[in-house]
Amino acid sequence: MPASEIHILVLAGGDSKRIRTGSPKALLDLCGRPLLDHVLAAAEQLPAASRTLVLGTTHREPIEAWLAAAGRGEWRVAVQESARGTADAVMAALPLLPDQGKVLILCGDTPLISPETLSFLVEQAGGALLTAEVADPTGYGRILRDEEGGLAGIVEQADCDEEREAIQEVNAGVYALDLGALRRVVTGLGRDNAQGELYLTDAAVEVLQETEGVIATLVEADEMMGVNTLADLADASAVKRAEILDHHLSNGVIFDDPGSAYVEDGVEIGPGTRVMPFCVLRRGVRIGAGCAVGPFAHLRPGTVLADGAEVGNFVETKNAELGERAKAKHLSYLGDVTVGARANVGCGTITANYDGKRKHRTVIGERAFIGSGTVLVAPVKIGAGAMTAAGAVVLRGRDVPEGGVVAGVPARPLETKHASDA
Ligand code: UD1
Ligand code: CA
């Protein structure tokens, strides 16, 4: 089917009640990105004529603000006035969609869904429903099949009797449906169910029966994990985290203890780099080859380590560029800083980057030696090969020239005595 006839619809109009935080589920963090971002990014991999996101009135504002900030302006927003169910959410979007074509519908709370799976569903001529066999089907809609294995129905958890509750094949909440058929079917839906909602599942079954759609069953069930509660979020994060680590391990990155490494999505690490236990590497961090990180290091966004750089225990970095073989091995805060190649940042060094109003930058030259316990009050520059004595407090603007030596509080150039002075 040509992309010009495919329309993508993501449902995120629910009230997020089961999350219990009061905030929108869509914006919960999963490995450094909002839950919804994972879904939108997967859906963006598919060519399509239009992309629409359904939002509810409760959480519309923060989600729209995020969409704009994240540059996801390609998504049109349809507003669902109140959360009356997944079919009602679809109905809120129908006015934005054409009469004919195919619609791929996804839930905004299934962050692990892959673009490959979505493509496969869209390619099925008569439409498709995605299912999986899971050990614990709690919370998902159960798939009813007829004698020939065809789709007979989907029953929600709340509407299950004991026998149906035991069914382990569940609905992933992803459907490729004929738009014309869907338009006709949704108008006739009832709310005669335990939750009094308009169920998209009922509509999907009817449409797929009519168009002779297929049931596609996932081999790896994890991909369809739905996040309804914070416990679900923790489960999905664990799966995603393991995926991220596999990626780095296969690229030649050494993890002493993969189980204690928190590496967010979108981190680059070069081969031969060793990450010791209990490190947190945030989204966007870039680490070269042959570096050493941790144990207990926190590398925040904007951190770039050139090849062979070393960041040790209890070092926090943010907007920090460390040159080749630069070292900060112990107990430091390095924020808004450029550290030259082979510079040594001594134990306990702090870049005082914030004056209460604004952030300022520190520049440390190549091969500079920053003594233990130095405080660098930004903005300030330490020249190449310069040195600060232990405990020095280098005040803002009091740049240390190339090869210079400063000591004290506030730091002043150190008089160098010659043997002839004695
Ligand atoms: C839904 C399916 C279930 C499936 C599961 C997969 C229905 C009736 N049930 O259940 O069969 O196994 O997903 O994860 O569809 N939403 C709206 N407006 C609403 C209600 C929900 O936009 O009025 C959105 C939610 O924000 C969410 C998605 O639709 O992103 C699914 O809603 P949710 O309430 O989480 O459905 P489940 O109970 O998980
Ligand atoms: Ca859900």
Side-chain angles (χ1 to χ4, degrees), residues 9-19 23-28 30 34-40 43 52-60 63 77-94 105-113 117 129-134 136-144 151 153-160 164-165 167-175 177 182 186 189-208 215 217-218 221-233 235-236:
L9 183 55
V10 173
L11 311 182
D15 287 333
S16 309
K17 281 205 192 94
R18 288 169 284 183
I19 292 293
S23 52
K25 173 164 78 175
L27 298 183
L28 286 174
L30 189 137
L35 205 54
L36 184 61
D37 192 46
H38 292 263
V39 179
L40 300 188
T52 309
L53 175 64
V54 178
L55 297 179
T57 44
T58 326
H59 298 302
R60 175 185 176 180
I63 299 175
V77 171
V79 179
Q80 184 188 13
E81 290 306 328
S82 74
R84 284 178 294 248
T86 42
D88 184 61
V90 169
M91 286 162 88
L94 284 179
I105 305 176
L106 301 85
C107 295
D109 62 356
T110 54
L112 306 181
I113 199 79
T117 299
L129 164 77
L130 186 66
T131 73
E133 293 268 357
V134 294
D136 178 11
T138 310
Y140 293 103
R142 311 298 203 276
I143 303 296
L144 307 182
L151 180 63
I154 303 173
V155 190
E156 291 307 294
Q157 170 89 30
D159 301 294
C160 275
R164 287 175 169 179
E165 219 173 273
I167 297 174
Q168 286 178 302
E169 186 180 12
V170 298
N171 171 28
V174 189
Y175 325 82
L177 301 173
L182 179 65
V186 286
L189 282 182
R191 297 166 70 150
D192 182 18
N193 54 59
Q195 303 179 85
E197 288 187 354
L198 289 162
Y199 285 169
L200 175 59
T201 44
D202 293 343
V205 169
E206 220 179 307
V207 170
L208 291 168
I215 302 181
T217 306
L218 282 167
D222 280 349
E223 201 188 312
M224 57 139 299
M225 286 174 87
V227 173
N228 291 330
T229 63
L230 292 180
D232 295 338
L233 179 69
D235 289 345

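Counting starts at 1 for both ligands and their atoms, in listed order.
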S.K.: Below 4.0 Å from any atom of ligand 1, is there a heavy atom belonging to N228?
M.R.: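 In this structure, N228 qualifies as a contact of ligand 1 - some heavy atom is under 4.0 Å.
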S.K.: Which protein heavy atom lies closest to atom 32 (O) of ligand 1, and at what distance to 0.1 Å?
M.R.: T86 CG2, 3.8 Å
S.K.: Of the options L112, V174, T110, V170, which is the one that meets M224 in a side-chain contact (heavy atoms from CB on, under 4.5 Å)?
M.R.: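 The option that passes is V170.
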S.K.: Hey, is ligand 1 close enough to D109 that some N/O pair sits below 3.5 Å?
M.R.: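 Looking only at distances, the answer is yes, because the N/O contact criterion of under 3.5 Å is met.
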S.K.: Among L189, I154, D159, exactly one meets side-chain contact (heavy atoms from CB on, under 4.5 Å) together with Y199. Which residue is that?
M.R.: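 Result for side-chain contact (heavy atoms from CB on, under 4.5 Å) with Y199: D159.
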S.K.: Tell me: protein heavy atom nearest atom 2 (C) of ligand 1, and distance?
M.R.: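 I find the closest protein heavy atom is E156 OE1, 3.7 Å.
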S.K.: What protein heavy atom lies closest to atom 23 (O) of ligand 1? Include the residue and the distance to one decimal.
M.R.: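 Looking only at protein heavy atoms, the one closest to atom 23 (O) of ligand 1 is G85 N, 2.8 Å.
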S.K.: Counting from 1, what ligand 1 atoms have a heavy atom of G108 closer than 4.0 Å?
M.R.: 30 (O)
S.K.: Is the closest N or O pair between G139 and ligand 1 shorter than 3.5 Å?
M.R.: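 No: no nitrogen or oxygen of G139 is under 3.5 Å from one in ligand 1.
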S.K.: Looking only at distance, does G226 have an N or O less than 3.5 Å from an N or O of ligand 1?
M.R.: no
S.K.: So, does D136 use its side chain to make a donor-acceptor pair with the main chain of T138 at under 3.5 Å?
M.R.: yes
S.K.: What atoms of ligand 1 come within less than 4.0 Å of a heavy atom belonging to R84?
M.R.: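 Going through ligand 1 atom by atom, the ones under 4.0 Å from R84 are 23 (O).
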S.K.: Looking at every heavy atom in both K25 and L35, which two are closest together, and how far apart are they?
M.R.: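 That would be O-CD2, 3.4 Å.
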S.K.: To the closest 0.5 Å, what do you measure between OG1 (T57) and CG (D15)?
M.R.: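 Answer for the OG1-CG pair, T57 versus D15, is 7.5 Å.
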S.K.: If every non-hydrogen atom of S23 is compared with every non-hydrogen atom of S16, which pair is closest and at what distance?
M.R.: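 Closest approach of S23 to S16: O-CB, 3.8 Å.
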S.K.: Kindly give the atom name of the N, O or S atom of D109 closest to the Ca ion (ligand 2).
M.R.: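 Going through the N, O and S atoms of D109 one by one, OD2 ends up nearest to the Ca ion (ligand 2).
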S.K.: Where is the tightest heavy-atom contact between V54 and A93, given as atom of each residue plus distance?
M.R.: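 Closest approach of V54 to A93, heavy atoms only: CG2-CB, 3.9 Å.
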S.K.: Measure the distance from atom 22 (O) of ligand 1 to every protein heavy atom, then report the residue, atom name and distance (to 0.1 Å) of the closest one.
M.R.: G13 N, 2.6 Å
S.K.: For ligand 1, is any non-hydrogen atom under 4.0 Å from R18's backbone (N, CA, C, O), its side chain (CB onward), both, or neither?
M.R.: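 Side chain only.
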S.K.: So does N228 have any N/O/S atom less than 3.0 Å away from the Ca ion (ligand 2)?
M.R.: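 Looking at N228, which is the residue asked about, there is an N, O or S atom under 3.0 Å from the Ca ion (ligand 2).
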S.K.: Among protein heavy atoms, which sits nearest to atom 30 (O) of ligand 1, and what does the distance come to when rounded to 0.1 Å?
M.R.: L11 O, 2.7 Å
S.K.: Say whether Y175, considering both its backbone and side-chain N or O atoms, lies within less than 3.5 Å of an N or O atom on ligand 1.
M.R.: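 Min N/O separation from ligand 1 is not below 3.5 Å for Y175.
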S.K.: Just to confirm my output: which protein heavy-atom neighbour is closest to atom 18 (N) of ligand 1, and how far is it?
M.R.: Q80 OE1, 2.7 Å
S.K.: Are the side chains of E169 and I215 in touch, meaning some heavy atoms are under 4.5 Å apart?
M.R.: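 They are in contact (side-chain heavy atoms under 4.5 Å apart), so the answer is yes.
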S.K.: Heavy atom to atom 31 (C) of ligand 1, shortest distance: which of C107, A93, A92 holds it?
M.R.: C107
S.K.: Who's the nearest protein heavy-atom neighbour of atom 4 (C) of ligand 1, and how far?
M.R.: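 Sorting protein heavy atoms by distance from atom 4 (C) of ligand 1 puts N171 O, 3.3 Å first.
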S.K.: For atom 16 (N) of ligand 1, what is the closest protein heavy atom, and at what distance to 0.1 Å?
M.R.: G14 N, 3.6 Å
S.K.: Can you check whether D235 reaches M225 side chain to side chain, under 4.5 Å on heavy atoms?
M.R.: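 D235 vs M225: side chains touch.
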S.K.: Hey, is A172 touching ligand 1 through its side chain, its backbone, both or neither, going by heavy atoms under 4.0 Å?
M.R.: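 The part of A172 near ligand 1 is the backbone, not the side chain.
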S.K.: Out of all atoms in ligand 1, which are within 4.0 Å of some heavy atom of T201? Include the element for each.
M.R.: 7 (C), 8 (C), 9 (N), 11 (O), 15 (O)
S.K.: Please give me the minimum heavy-atom distance between V155 and L144, naming the atom from each residue.
M.R.: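 Heavy atoms only, the tightest pair is CG2-CD1, 3.4 Å.
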S.K.: Could you list the atoms of ligand 1 found under 4.0 angstrom from a heavy atom of A89?
M.R.: 17 (C), 18 (N), 22 (O)
S.K.: Measure across P24 and I63 and return the closest heavy-atom pair with its distance rounded to 0.1 Å.
M.R.: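 Looking at all heavy atoms of both residues, the shortest contact is CB-CD1, 4.1 Å.
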S.K.: Suppose I only count heavy atoms of G141 and a 4.0 Å limit; which atoms of ligand 1 are within that range?
M.R.: 3 (C), 4 (C), 11 (O), 12 (O)
S.K.: Give a yes/no verdict on whether any heavy atom in K25 is under 4.0 Å from an atom of ligand 1.
M.R.: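 Yes, that is the case, since the closest heavy atom of the residue is under 4.0 Å from the ligand.
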S.K.: Looking only at heavy atoms, which two atoms of A83 and G13 are closest? And how far apart?
M.R.: CB-O, 3.9 Å
S.K.: Taking P137 as the fixed residue, which of E165, Q157, R142 is the one that meets the side-chain contact (heavy atoms from CB on, under 4.5 Å) rule?
M.R.: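 For P137, the side-chain contact (heavy atoms from CB on, under 4.5 Å) test succeeds with only one of E165, Q157, R142, which is R142.
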